[in-house]
Amino acid sequence: MSGAVNLAEKFASFTEHWAPRIVATYNDNDIRIVKVAGEFVWHKHDETDDFFLVLDGVLDIELRDRTVTLNPGELFVVPRGVEHRPVARHGEVRMIVIEPAGTDNTGDSATATRAVAI
């Protein structure tokens, strides 16, 4: 164990949106931080649920039948196989996502941004 992870320092180390950074691992899952703005692509994950925890900003998780709005301190889990699109309509959102190690952020390796460790 290397010590505590300072999220403020980790967020300050990059500026890119929709480019997750791995800050820790837990039981073969990546703990990722990500900055987002605007719309992401519609996608789904056939093999895993998708966990979102908003730290700062407001994030809409659009599903085909409804929209779930997350404020700071709120989380939502998109069940595996459910098509969704995260949208940050009102500026930058900072959040934590937890996914099995190696999971592509779009559910498709051809269109994904690979998470990198920081």
Side-chain angles (χ1 to χ4, degrees):
M1 177 179 285
S2 62
V5 174
N6 184 306
L7 293 177
E9 288 176 3
K10 296 294 187 181
F11 273 115
S13 73
F14 67 98
T15 58
E16 299 85 5
H17 291 127
W18 305 108
R21 301 300 200 272
I22 301 165
V23 296
T25 57
Y26 171 77
N27 291 336
D28 299 322
N29 291 292
D30 289 338
I31 310 300
R32 302 172 182 185
I33 60 171
V34 61
K35 296 177 182 179
V36 302
E39 299 175 347
F40 198 53
V41 297
W42 281 99
H43 69 285
K44 63 183 175 120
H45 304 272
D46 290 327
E47 304 299 322
T48 185
D49 301 331
D50 214 355
F51 173 97
F52 296 88
L53 170 62
V54 172
L55 301 174
D56 187 43
V58 178
L59 183 74
D60 287 339
I61 305 283
E62 294 181 345
L63 307 168
R64 291 300 185 182
D65 63 343
R66 64 187 167 117
T67 298
V68 176
T69 300
L70 301 176
N71 293 291
E74 295 182 326
L75 67 86
F76 181 70
V77 177
V78 178
R80 71 187 68 202
V82 173
E83 197 173 21
H84 60 285
R85 178 174 74 162
V87 180
R89 299 187 197 290
H90 307 289
E92 186 175 85
V93 174
R94 294 178 179 201
M95 62 183 168
I96 292 175
V97 295
I98 301 174
E99 298 178 308
T103 299
D104 296 319
N105 65 344
T106 62
D108 177 3
S109 61
T111 61
T113 299
R114 290 276 175 194
V116 295
I118 58 171

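Each residue takes its place number in the sequence, starting with 1.
Among residues two or more places apart in sequence or in another chain, the salt bridge (charged side-chain N to carboxylate O under 4.0 Å, His left out) test is passed with Glu9 by none. For Arg85, the salt bridge (charged side-chain N to carboxylate O under 4.0 Å, His left out) partners at least two apart in sequence or on another chain are Glu39, Glu62. Annotation: salt bridge (charged side-chain N to carboxylate O under 4.0 Å, His left out) contacts of Glu83 (sequence neighbours excluded): Arg64. By the side-chain hydrogen bond (donor to acceptor under 3.5 Å, both in side chains) test, Thr69 pairs with Asp60, sequence neighbours left out. Checked against side-chain hydrogen bond (donor to acceptor under 3.5 Å, both in side chains), Glu16 has the following partners two or more places apart in sequence or in another chain: Arg21.
Of all non-hydrogen atoms in Met95 and Leu53, the two that sit nearest each other are CB-O, 3.0 Å. Shortest non-hydrogen contact noted between Pro86 and Val41 is CD-O, 4.5 Å. In terms of heavy-atom proximity, Pro79 sits nearest to Val77 at CD-O, 3.5 Å. For the residue pair Glu92 and Ala37, the shortest heavy atom distance occurs at CA-CB, 4.5 Å. Summarising the geometry of Pro72 relative to Gly57, their closest heavy-atom pair is CD-O, 3.1 Å, with the distance given to 0.1 Å.
With a 4.5 Å cut-off on side-chain heavy atoms, Tyr26 and Ile98 do not count as touching. By the 4.5 Å heavy-atom criterion applied to side chains, Val34 and Arg32 are not counted as neighbours. Residues His84 and Phe76 form no side-chain contact, since every pair of their non-hydrogen atoms from C-beta on lies 4.5 Å or further apart. Side-chain contact check for Asp50 versus Glu99: some heavy-atom pair is nearer than 4.5 Å. Two residues are said to be in side-chain contact when any heavy atoms from C-beta on lie closer than 4.5 Å; Leu7 and Ile96 meet this criterion.
Sorted by first and then second residue, the pairs that involve residues 68-82 and meet salt bridge (charged side-chain N to carboxylate O under 4.0 Å, His left out), not counting sequence neighbours, are Asp49-Arg80.
With rounding to the nearest 0.5 angstrom, the CG atom of Leu59 is 11.0 Å from the NE2 atom of His90. To the nearest 0.5 Å, atoms CG (Asp30) and CG (Asp28) are separated by 9.5 Å.
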Let me see the working for Phe11 and Leu55 under side-chain contact (heavy atoms from CB on, under 4.5 Å), right down to the final yes or no.
-> CA-CA 11 Å; Phe11 273 115; Leu55 301 174; 3.7 Å; yes

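Proximity of a side-chain donor or acceptor of Asn6 to a complementary backbone N or O of Ala8 within less than 3.5 Å is detected.
Connection of Val97 to Val58 is not established within any shared hydrophobic cluster, with ILVMFWY side chains joined at heavy-atom distances below 4.5 Å, either directly or through further cluster members. In the hydrophobic clustering of this structure, Ile31 groups with Ile33; members are Ile, Leu, Val, Met, Phe, Trp, Tyr whose side-chain heavy atoms approach within less than 4.5 Å, directly or through other members. The hydrophobic clustering, which links ILVMFWY residues whose side-chain heavy atoms are closer than 4.5 Å, places Val82 and Ile61 together. Phe52 and Val54 fall within a single hydrophobic cluster, where Ile, Leu, Val, Met, Phe, Trp and Tyr are joined by side-chain heavy atoms under 4.5 Å apart, directly or via other members.
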